[in-house]
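Every chain is numbered from 1 and lettered A, B, ... according to where its sequence line falls, protein lines coming before strand lines.
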Number of protein chains: 4
Amino acid sequence: MSKPSGTDQVDDHPAFVDASSLKEPPTAKGARTRAALVTAARTVFERDGFLGSRITDISAEADCASGTFYTYFSGKEEVLAAVLEAAQDDMLHPGLPHVNGTDDPREVIAASNRAYLTAYLRNARLMEILYQVASIDPAFQELRRRRAAKFNERNSRHIAELQERGLADPTLDPLMAAKALSGMVSRVAMELMVYEDVDIDTTVDLVTTLWVNALKLKAPEEARPPSKRAGRGGRRRS
Amino acid sequence: MSKPSGTDQVDDHPAFVDASSLKEPPTAKGARTRAALVTAARTVFERDGFLGSRITDISAEADCASGTFYTYFSGKEEVLAAVLEAAQDDMLHPGLPHVNGTDDPREVIAASNRAYLTAYLRNARLMEILYQVASIDPAFQELRRRRAAKFNERNSRHIAELQERGLADPTLDPLMAAKALSGMVSRVAMELMVYEDVDIDTTVDLVTTLWVNALKLKAPEEARPPSKRAGRGGRRRS
Amino acid sequence: MSKPSGTDQVDDHPAFVDASSLKEPPTAKGARTRAALVTAARTVFERDGFLGSRITDISAEADCASGTFYTYFSGKEEVLAAVLEAAQDDMLHPGLPHVNGTDDPREVIAASNRAYLTAYLRNARLMEILYQVASIDPAFQELRRRRAAKFNERNSRHIAELQERGLADPTLDPLMAAKALSGMVSRVAMELMVYEDVDIDTTVDLVTTLWVNALKLKAPEEARPPSKRAGRGGRRRS
Amino acid sequence: MSKPSGTDQVDDHPAFVDASSLKEPPTAKGARTRAALVTAARTVFERDGFLGSRITDISAEADCASGTFYTYFSGKEEVLAAVLEAAQDDMLHPGLPHVNGTDDPREVIAASNRAYLTAYLRNARLMEILYQVASIDPAFQELRRRRAAKFNERNSRHIAELQERGLADPTLDPLMAAKALSGMVSRVAMELMVYEDVDIDTTVDLVTTLWVNALKLKAPEEARPPSKRAGRGGRRRS
DNA sequence: TATGAATGAGGTTTCATTCAT
DNA sequence: CATGAATGAAACCTCATTCAT
C-alpha cells in the first residue's frame, strides 16, 4: 500500500538503518551499560544539543565513569548513530495508519499525516539534532539523504497512483511534489506543533487540506474524466 | 501591495533589524576593520559553520590580530548578529517582484517565489547557520521567530485578500496556510536547490503550482459569483 | 580558659573553617595530587603573591598538567581557601600556652603572645596574602572578619575576667580593647619581626609589657583594693 | 614640638617625598590633563584596587584616550606615586593639633590621635592600597619604610621626652613602643573606623586611653620624685 | 569491564603598549 | 599633544581521550 505522507517515519528519515554502531554487547552487564549510555546520550542531546553536549555529561547521566564511554563508542558521532537507531524502532510503529475500510484518498492522507505527526512529536528534538549534525557531518548528511530518498519514493508512488486513477493533478511531477509536500509537513510539525504548541488535530487538518488541494485530489467517484464530459474540460481541483 | 510568498525576504527572516552590534566605530579605519571582520566572519561561518568556527580564523581571514576582534564584538554571537544584519540589506532588495502589468495572482505568486528563492540561494548557507544557532541560542531562536511572524503576517494578508476577492479557498485559515506554504518553500529551497542542485526555474514552477493549487486559486475572471459563466470553465493557473 | 592575645591563632583568623573546597577526592592518588597542589600553591603564593601567581606555575610546582588543577579547584580563590584551611591546622596547635603552674596574668599573657608570634612567624607571608586578597575579594574579607570576631571575643572575655577579678582597668570596654591590642600585636609581628628581623623574645617582651600596662594589670595579690588600705594608695601595676 | 601619635600623617607615611614623577607638566593644558589623570587614578584605585585597575579605566575616568596616559606616566606604578604625592599635601595639614594652652600630655596625645585618625579616614582606602602595593613592589615597600621611620622617630622622641620628665614608664624602649603604639592606632583606624564604622570620638578615646596606659603616663604634677606631693593627689585617668 | 585521574592541545579573552593620523 | 585602533603575548579554561589500577 502506498502511504502518502510519511506514514510511519519521522521527518524524512524512513529507515534508520545504520551500520556504524552495531557492536552487539558481549556481556549482559555490558549490554546494560551500553543501553544506559544510549539512553543517557539521548537525554543529553535533547537537553543540550549535539554540539553543546559533552561526553562527560553523557557518562554522568548514565552513572558511569567517563572512560567507560569509550568501551562502547568511539565518540559522540557514534552514540548519536546508536541513539537514532534506537529511536527508529520507536518510530517505525507509530500506530500504522490502518485506514480500515476506507478508500477515500483524503482519509488515507489524513491518517498518514496523523501517524507521521504523532511520531514526529515524540522525536522532534532528536530530529532537530539530526538536522544540525547533518549540516556539519557529511556522514549524517548522507544518512539523512538516503532515508529521505526512500521516504519520498513512497510518497511519490502514492501520488503517481492517484494520478493514474485520474484522481490527482496529472501535471505534477510526483517525486518533486512528494518532496515539497512532505517538506511542508515536517516543517509545519516543527514550527506549529513544537514551537507554537498547536494541537495535533488542527495540524493534521491543515496539512491534509493543503496536501489534498495541492494534488487537486478528486473524490474517487469523480475519477477518470469521463470521456463524454471531455468537452466541458472540467478538471476542477479538489 | 501584499506579497504572497516571502517575496523579498529569505527564509522566515523578513527583517534583520538587530540592535546588539550597533556600535558604529568612530573612525573611518575602525569602520573598515569592522566591516572586514563581518565579511570575514561570514566567509568563515559559511565554510566551517558557526560552532566549528574559531575567532582566530575570523581575525586571520580579516587580516588582523585576534585581539582586534574584541574591539568590535564581544564574541561569536555578536558577529553573527552583525553578519545577519548585513545580509538583510542584501536580502531586502533582491529585485523586488515588480510584476509589472500583471494582475494575475499566479504571476504575482510566481514572481514572489522567484525573488524569494533567488535571495535564498545567495544566502542559503547563512540560513542554515541561523537555523543551527537558533536551536542552541535562545536569542537567535527569538530573532528567528519574531521575524518569521512578520513574514507570515504578510503572506497571510495576501491569502486573506484573495479569499475576499473570491479567488481562494475560503475554508483555509490564512495565517496557518501562510505558515505551512512558506515553510514548504523554504524547505524546498534548501532541499532541492541547495542539496540537489535543481535549477531555479523548475523549483519556482513547482512551488508556485503547489501553492496555487493549495489555495484553489481561480483566475480573476472567475471571481466570486461565477454563476453564469460557470460553463466556460476557464481555469488557467498562472 | 580564656586566652588573652590570640594564643593559638595567627592574625585574626582563629578558625579557617572553610566550606568551599571540601571535595575530598575519592581515590588515594587523587588525595595526593590535591595535597601536592595545595602545597605548591602555598609555595607559589608566598613567592609571587596571590595576584602575581599563575595557575600554570602552581601546577608546574606540583608537577602536574595545568588541566589537573581544575580537577580539584575551580580557580585561584579556591586553592587559596584550601591553603588557608591547611595552614589552620598548623596554627591551631603551636604549642598551646600551657602556662603550667602559673597564675600570674602577665605570665599568661606573655605565653599567649609568644605562641601567637611564633605561629605568626611561620605563616607571616600567608597572612600578608590573606590581607591582600581580603581587600580585593569580598569573600575573603568576610572570612577574615568572621574569624577576627571569634578571636576578639576570646580576648575580650579574658579582659573582662581580669576586670571582674579587680585586676584590670575597669573603665575599658573589653571588646574594643581586645581589638586594639591584638591589632597591635599582629602589626608588630609583621613590622618588627618580619620586616625588621627583631628577635622573638624582644618582641614578646615589648607587646606583653604594653598589653599589661594598657590594662593596668595588677598582680593577683593586689586584687580588689581592700577598702581599709585605700589610703595607702599602693597602685603598682604588674 | 613633639607629636606623639602620627599627628599630621596618615599611617606610617609621614612624608610622601617622591621623586619618580616630578615631571613638571610643560603646557597649561598638559598640566590639566595630567591632573585629571592623577585624580582619575585615585578614583579608580580606590574603587578597584591597584592590581584590579586597568590603565584603560584610568584614562576613561579622566576622559581621555588610553594613549594619552603614556604621555605623562610610564605605567601604573608611576601614577600611583603621583597619587600618593598629591594625597600627601592633603594629609600634611589636617588641622594640626595646636593643643593650645594645654600642657597635659593626655590632651596632647588625644589631639594627635584625633588629627591622625581624621586624616586617616580621608585616605583610608589609599593607605590600604599602598599597603598592598608595598607587599608586591619593593620600591613602595621602601617608600613605606622610610616614611614610617621618620614618623616613628618623632613619636619615639615624644615618648623619650615624657620619660625624661618622669611622666612615662622608663623601662620602655621609646622607639619600639612608638612603633607598636602607632601600629595599634593605624590598625584600629582601619578595622574600627573603616570596617566597623565606629565613630571617631569613641575611637580617639579608645586609643588614647590605651596609649596613655601603656606609657603609664602620669599627670605633670606627679612628675619625678613626687616627694613633696602636691597633696592634691594625682588624678589618674584610667 | 569499570574507573576516574591525568593529560595537554586548543580555543578564548584580556590589556599594556605602540603608532599612524 | 591627543587619539583610539591595532597588536600580540600571556593567562585562562575546557574537554576529549588515554591509561594505570
Engineer: Should C:Ile58 and C:Phe45 be marked as a side-chain contact (heavy atoms from CB on, under 4.5 Å) after you check the CA-CA gap, both sets of side-chain angles, and the distance that decides it?
Structural biologist: CA-CA 9 Å; C:Ile58 297 174; C:Phe45 288 158; 4.0 Å; yes
Engineer: When Watson-Crick pairs (N1 to N3 and N6-O4 or O6-N4) and G-U wobble pairs (N1-O2 and O6-N3) count only below 3.5 Å on both distances, what is the dot-bracket string of DNA chain F, with | for other-strand pairs?
Structural biologist: .||||||||||||||||||||
Engineer: Taking only side-chain N and O atoms of A:Thr33, does any of them lie within less than 4.0 angstrom of OP1 or OP2 on E:dT1?
Structural biologist: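 So the side chain of A:Thr33 is outside the cut-off, no N or O lying under 4.0 Å from OP1 or OP2 of E:dT1.
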Engineer: By side-chain hydrogen bond (donor to acceptor under 3.5 Å, both in side chains), which residues pair with D:Gln141, not counting sequence neighbours?
Structural biologist: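 Only D:Arg144 meet the side-chain hydrogen bond (donor to acceptor under 3.5 Å, both in side chains) criterion with D:Gln141.
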Engineer: If you measure from CE on B:Met127 to CD1 on B:Ile129, what distance do you get to the nearest 0.5 Å?
Structural biologist: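 That separation rounds to 9.0 Å.
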Engineer: How long is the line joining CG of B:Leu51 and C1' of E:dG10, in whole Å?
Structural biologist: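 Roughly 16 Å, once rounded to whole Å.
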Engineer: Taking all non-hydrogen atoms of both residues into account, name the closest pair between C:Glu61 and C:Arg47 and its distance.
Structural biologist: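 Reported closest heavy-atom pair: OE1-NH2, 3.4 Å.
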Engineer: Just how far, in rounded Å, is P of E:dT13 from OH of B:Tyr72?
Structural biologist: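 That distance rounds to 18 Å.
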Engineer: Nearest whole Å is fine: how far is F:dA16 C1' from A:Phe50 CZ?
Structural biologist: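 Those two atoms, CZ and C1', are 12 Å apart.
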Engineer: What nitrogen or oxygen pairs link the protein and nucleotides 19-21 of chain E at under 3.5 Å?
Structural biologist:
none

Engineer: Judged by each residue's nearest nucleotide on DNA chain F, which is more toward the 5′ side, A:Gly75 or D:Ser66?
Structural biologist: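 Final value for this comparison: D:Ser66.
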Engineer: If you only use heavy atoms from C-beta on, which nucleotide in E:dG8, F:dA5, E:dT1 is closest to the side chain of B:Thr71?
Structural biologist: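 So the nucleotide nearest the side chain must be F:dA5.
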Engineer: For D:Asp137, what residues pass the side-chain contact (heavy atoms from CB on, under 4.5 Å) criterion, not counting sequence neighbours?
Structural biologist: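 Applying side-chain contact (heavy atoms from CB on, under 4.5 Å) to D:Asp137 gives D:Glu77, D:Val133, D:Ala139, D:Phe140.
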Engineer: Heavy atoms only: give me the nearest D:Val44-D:Ser53 pair and the separation to one decimal.
Structural biologist: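 That would be CG1-CB, 3.6 Å.
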Engineer: Sequence neighbours excluded, which residues qualify as side-chain hydrogen bond (donor to acceptor under 3.5 Å, both in side chains) partners of C:Ser135?
Structural biologist: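 By the side-chain hydrogen bond (donor to acceptor under 3.5 Å, both in side chains) rule, C:Ser135 matches D:Gln132.
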Engineer: Not counting sequence neighbours, which residues clear side-chain hydrogen bond (donor to acceptor under 3.5 Å, both in side chains) with C:Asp57? List them please.
Structural biologist: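 So C:Asp57 forms a side-chain hydrogen bond (donor to acceptor under 3.5 Å, both in side chains) with C:Arg54.
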Engineer: Taking atom CZ of A:Phe73 and atom OG1 of A:Thr71, what is their separation to the nearest 0.5 Å?
Structural biologist: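 Rounded to the nearest 0.5 Å, the CZ-OG1 separation comes to 10.0 Å.
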Engineer: Write down the distance between CG (B:Asp63) and P (F:dT7), rounded to a whole number of angstrom.
Structural biologist: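 My rounded result for the distance is 9 Å.
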Engineer: Name all residues meeting the side-chain contact (heavy atoms from CB on, under 4.5 Å) criterion together with C:Thr33; count only those two or more places apart in sequence or in a different chain, and write none if there are none.
Structural biologist: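 So C:Thr33 forms a side-chain contact (heavy atoms from CB on, under 4.5 Å) with C:Lys29, C:Leu37, C:Thr68, C:Tyr72.
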Engineer: Who passes side-chain hydrogen bond (donor to acceptor under 3.5 Å, both in side chains) against D:Glu46, sequence neighbours left out?
Structural biologist: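 For D:Glu46 the side-chain hydrogen bond (donor to acceptor under 3.5 Å, both in side chains) partners, ignoring immediate neighbours, are D:Arg42.
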Engineer: D:Arg32 CZ to F:dC1 C1': how many Å, rounded?
Structural biologist: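 The distance from CZ of D:Arg32 to C1' of F:dC1 comes to 12 Å, rounded to the nearest Å.
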Engineer: Identify whether the distance between the nearest side-chain nitrogen and carboxylate oxygen of D:Glu142 and D:Arg145 falls below 4.0 Å.
Structural biologist: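 Result for this pair is no, no salt bridge flagged.
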Engineer: Over how many whole Å does the gap from B:Tyr70 atom OH to F:dA10 atom C1' extend?
Structural biologist: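 Answer to the nearest Å: 14 Å.
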Engineer: On DNA chain E, does the nearest nucleotide to C:Phe69 precede the nearest nucleotide to A:Ala65 from the 5' side, or the other way round? Give the residue.
Structural biologist: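 Nearer the 5' end of the strand: A:Ala65.
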Engineer: Give the nucleotide from the list E:dT12, F:dC1, E:dT7 with an atom nearest to the side chain of B:Lys76.
Structural biologist: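 Of the candidates, E:dT12 comes closest.
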Engineer: Got a sec? Which of residues 53-62 of chain C come in under 4.0 Å of DNA chain F, heavy atoms?
Structural biologist: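 Close to the strand are C:Arg54, C:Ile55, C:Thr56.
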Engineer: Between E:dG10 atom P and B:Asp48 atom CG, what is the distance in whole Å?
Structural biologist: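 Going from B:Asp48 (CG) to E:dG10 (P), I get 16 Å.
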Engineer: Grab the CD-P distance between A:Glu78 and F:dA16 for me, whole Å please.
Structural biologist: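 Going from A:Glu78 (CD) to F:dA16 (P), I get 15 Å.
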